[in-house]
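Note sheet for the following structure.
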2 protein chains.
Amino acid sequence: MQMLEQKHMALLAEAERRERAPTDNIRACFELLALTGAIDRDCAVRLARHRLSEGKFVLLFLLHDKPEGLSPHELAERAGVTRATITGLLDGLERDGFIVRRGGLSDRRKIAVALTEVGQTAAGELFREHTEWVASLFQGFTAADRQTLTGLLQRIWRNLETGKQQAGQERAGKQQIGQDEDARA
Amino acid sequence: MQMLEQKHMALLAEAERRERAPTDNIRACFELLALTGAIDRDCAVRLARHRLSEGKFVLLFLLHDKPEGLSPHELAERAGVTRATITGLLDGLERDGFIVRRGGLSDRRKIAVALTEVGQTAAGELFREHTEWVASLFQGFTAADRQTLTGLLQRIWRNLETGKQQAGQERAGKQQIGQDEDARA
DNA sequence: TGACTATAATTAGGCGCCATATTATTCGGT
DNA sequence: ACCGAATAATATGGCGCCTAATTATAGTCA
């Protein structure tokens, strides 16, 4: 069951042919990406059954205990996406009857986004369902297992950060002073 | 450095508040997703510097040793995306001068997609750069480390598949016979 | 007050992905 | 030779995400 994606198998085959960089490492990376890709797809399929996406689900759950509503601005911050993205998600949620936009606040630039009955119900049921599903993916894992995994992942994190810094320095070197356009990342 | 995404932190906090499903498992899952999310974003940033996306890069590399070109159909198969997606990627690649579409084949429905000089050069340089970057993420990993990681990931795979089957059965039960719309996944 | 600046939400446009048409061409069978 | 089925590429429209531009409103300060 070494599930790799099509594109990754092609890339790996070529890398092996060229005997370039350590292909074992590449394979390991692709295994990681394939798994999370599958998780994301499964997540999307599950939520799609309720006319939701992951982004929409997050908004629903952020609003579930806020009867007075939140502003798009706050939603963007808490969900970690831009306000423009929020606008799009809200359009869909409003169309499907999960939320309402309320105006008429003291600051007339702002609006309040709140759940409808339907949204409230969906939020409640789905939060339970979703967290149980996520937890089930690690069924059978002991604390030690999780610890081991976390340790390995952190080592990858560090390598990733190191690579970013190096790339930044190289580019800065090439173009004199060179602002780091990756600062946000 | 327990890097989690904004949305995941919000979800986790709420899950902890409700003391629902084992939050340690949820946290572990989110760590996994956060890491691969960061890898994907970094990958996108690196390729964007060359006016490429991951999808486009895959096509470039699939074409690099095919001077006579490949059909969109073949590209779709090898890249693991639909033909419609290929059309879009090719539009961009053609606009940016990486590839050309050639007609006039014996089967007049088909076209051949081939790299230009520019595309050829880019493909060569980027393949090296990209594989080295991917491999560098696992720098310092021993064979045993990789083995450990693969083992853990496979356990998650199995849990994921199990969950899919169960969900399928439940839905099949609800709606009498119920075709399995997940067969493709 | 009036101009400037900051902030809120939205729009516009782009990208990658998808599913579902649509159009052109080929091929099989009678 | 012709009809219908299969196949190739593309068009269309949707979704989620982004950045940059736009519009409305608020607050500040000379």
Side-chain angles (χ1 to χ4, degrees), chain A residues 5-7 37 40-41 43-45 47-60 69-77 79-96 99 101-113 181-185, chain B residues 5-7 37 40-41 43-45 47-60 69-77 79-96 98-113 181-185:
Chain A
E5 294 178 25
Q6 198 63 35
K7 60 186 176 190
D40 282 340
R41 278 191 299 276
C43 178
V45 167
L47 291 174
R49 294 205 263 273
H50 307 270
R51 307 201 64 171
L52 290 172
S53 63
E54 200 196 335
K56 287 175 180 170
F57 167 70
V58 169
L59 297 194
L60 239 53
L70 288 176
S71 69
H73 179 88
E74 287 168 309
L75 288 170
E77 258 178 19
V81 299
T82 64
R83 268 160 276 168
T85 297
I86 295 290
T87 299
L89 295 176
L90 292 180
D91 287 345
L93 286 172
E94 189 167 38
R95 170 174 44 72
D96 294 340
I99 58 119
R101 284 164 155 119
R102 286 202 227 101
L105 278 62
S106 63
D107 185 335
R108 295 220 307 271
R109 294 170 301 182
K110 288 191 181 173
I111 64 172
V113 178
E181 74 274 18
D182 272 17
R184 51 170 176 68
Chain B
E5 295 178 25
Q6 198 62 34
K7 60 186 176 190
D40 283 340
R41 278 191 300 274
C43 178
V45 167
L47 291 174
R49 295 205 263 273
H50 307 270
R51 309 200 60 169
L52 290 172
S53 62
E54 200 197 333
K56 286 175 179 169
F57 166 70
V58 169
L59 297 193
L60 240 54
L70 287 176
S71 68
H73 178 89
E74 287 169 309
L75 289 170
E77 258 179 18
V81 298
T82 64
R83 267 159 274 169
T85 298
I86 295 291
T87 299
L89 295 176
L90 292 180
D91 287 346
L93 286 171
E94 191 167 36
R95 167 173 46 71
D96 294 340
F98 291 106
I99 58 119
V100 283
R101 284 165 155 120
R102 287 202 226 101
L105 278 63
S106 62
D107 186 335
R108 297 219 306 272
R109 292 169 303 182
K110 288 190 182 174
I111 65 173
V113 179
E181 74 274 18
D182 273 18
R184 50 169 177 69

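Atom NZ of Lys110(A) and atom C1' of dT10(C) are 17 Å apart (whole Å). Following rounding to the nearest Å, Leu70(B) (CG) and dA9(D) (C1') show an atom-to-atom distance of 15 Å. The CG atom of Asp107(B) sits 8 Å away from the P atom of dA9(D) (whole-angstrom rounding). If you measure from atom CG of Asp91(A) to atom P of dT11(C), you get 7 Å, rounded to the nearest angstrom. Rounded to whole angstrom, the span from the CG atom of Asp40(B) across to the C1' atom of dC17(D) amounts to 13 Å. For the pair Leu60(B) CG and dG16(C) P, the computed distance is 12 Å after rounding to whole Å. Here dC15(C) presents its C1' atom at 18 Å from CZ of Arg49(B), a figure rounded to the nearest Å. For Leu75(B) and dT10(D), the CG to P distance is 11 Å, given to the nearest whole Å.
Side chain of Glu74(B) to backbone of Ser71(B): a donor-acceptor contact under 3.5 angstrom is found. Under the 3.5 Å distance criterion, the side-chain polar atoms of Asp96(B) are left unmatched by any main-chain donor or acceptor of Phe98(B).
At a threshold of 4.0 angstrom between heavy atoms, the contacts of Arg51(B) with the nucleic acid are absent. Ile86(A) comes within 4.0 angstrom of nothing in the nucleic acid, heavy atoms only. Among the atoms of the strands shown, none is found under 4.0 Å from any heavy atom of Arg41(A).
Checking the phosphate oxygens (OP1, OP2) of dG16(D), no side-chain nitrogen or oxygen of Thr85(A) falls inside 4.0 Å. Regarding contacts with the backbone of dC15(D), every side-chain N or O of Ser53(A) stays at 4.0 angstrom or more from both OP1 and OP2.
Between Leu60(B) and Lys56(B), the closest side-chain pair of non-hydrogen atoms is not below 4.5 Å. In this structure, Ile111(A) and Arg102(A) have side chains that are not in contact, with every pair of non-hydrogen atoms separated by 4.5 Å or more.
The nearest heavy atom of DNA chain D to Leu90(B) and to Lys56(A) marks one nucleotide each, and the one closer to the 5' end goes with Leu90(B). Looking at which nucleotide of DNA chain C each of Thr82(B) and Arg109(A) is closest to, the 5′-most match is held by Arg109(A).
Comparing atom distances between the Ile111(A) side chain and each of dT26(C), dA9(C), dA26(D) picks out dA9(C) as nearest. The side chain of Ala84(B) has dA19(C) as its nearest neighbour among dA9(D), dT10(C), dA19(C). For Arg95(B), whose side chain is taken as the heavy atoms from C-beta onward, the closest listed nucleotide among dA9(D), dT10(C), dC15(C) is dC15(C). The side chain of Arg83(A) lies closest to dT10(C), out of dC17(C), dA26(D), dT10(C). Of all nucleotides listed (dA9(D), dG16(C), dA6(D)), dA9(D) comes nearest to the side chain of Pro72(B). When the nucleotides dA24(D), dG16(C), dA9(D) are ranked by their closest atom to the side chain of Leu89(B), dG16(C) comes out on top.
A side-chain contact (heavy atoms from CB on, under 4.5 Å) with Leu93(B) is found for exactly one of Val100(B), Leu52(B), Val113(B), Ile86(B), namely Leu52(B).
With respect to Asp91(A) and Arg101(A), a salt bridge is recorded, a charged nitrogen being found less than 4.0 Å from a carboxylate O.
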